[in-house]
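The structure appears below as structure tokens.
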Amino acid sequence: MIVPEVLRMLPYTVVDDAVRYFPAKALESLTTAQHGPGAATPGAALLALTLWAAASLAAAAVTMRRQDV
């Protein structure tokens, strides 16, 4: 939760766009009633959360396969 705030301090516009799709910000975009400026659309936020979950599960599967004998 600290990483998006730290990255937002960098002067790059690409980082500002990427921060919108971090899990905490994507969930915030899904749960708010009115979207503020610069917030991700609900569809894009849901896709971002799905991709984060898939990447986490894939990393866990690779780690488990390497450590399981």
Side-chain angles (χ1 to χ4, degrees):
M1 290 218 239
I2 295 173
V3 174
E5 299 304 322
V6 171
L7 286 178
R8 206 170 269 201
M9 291 180 199
L10 297 175
Y12 301 110
T13 59
V14 175
V15 174
D16 287 337
D17 291 337
V19 166
R20 292 190 302 182
Y21 301 105
F22 279 8
K25 294 295 181 180
L27 183 63
E28 183 180 321
S29 293
L30 280 176
T31 57
T32 57
Q34 293 184 351
H35 300 293
T41 63
L46 185 60
L47 178 63
L49 285 174
T50 304
L51 291 175
W52 276 103
S56 298
L57 289 173
V62 168
T63 301
M64 188 171 166
R65 184 165 286 260
R66 286 186 181 177
Q67 291 181 356
D68 194 22
V69 181

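This structure is a prediction, so every number in the text was calculated from the model and none was measured.
- Here the CH2-CZ distance, from W52 to F22, works out to 5.5 Å after rounding to the nearest 0.5 Å.
- Here the shortest heavy-atom pairing between A48 and A26 reads CB-CB, 4.4 Å.
- Partners of T32 under the side chain to side chain contact (heavy atoms under 4.5 Å, CB included) rule, at least two apart in sequence or in another chain, are E28, H35.
- In this structure L27 satisfies the side chain to side chain contact (heavy atoms under 4.5 Å, CB included) test together with T31, L49, sequence neighbours excluded.
- Applying the side chain to side chain contact (heavy atoms under 4.5 Å, CB included) test to A53 and every residue at least two apart in sequence or in another chain returns nothing.
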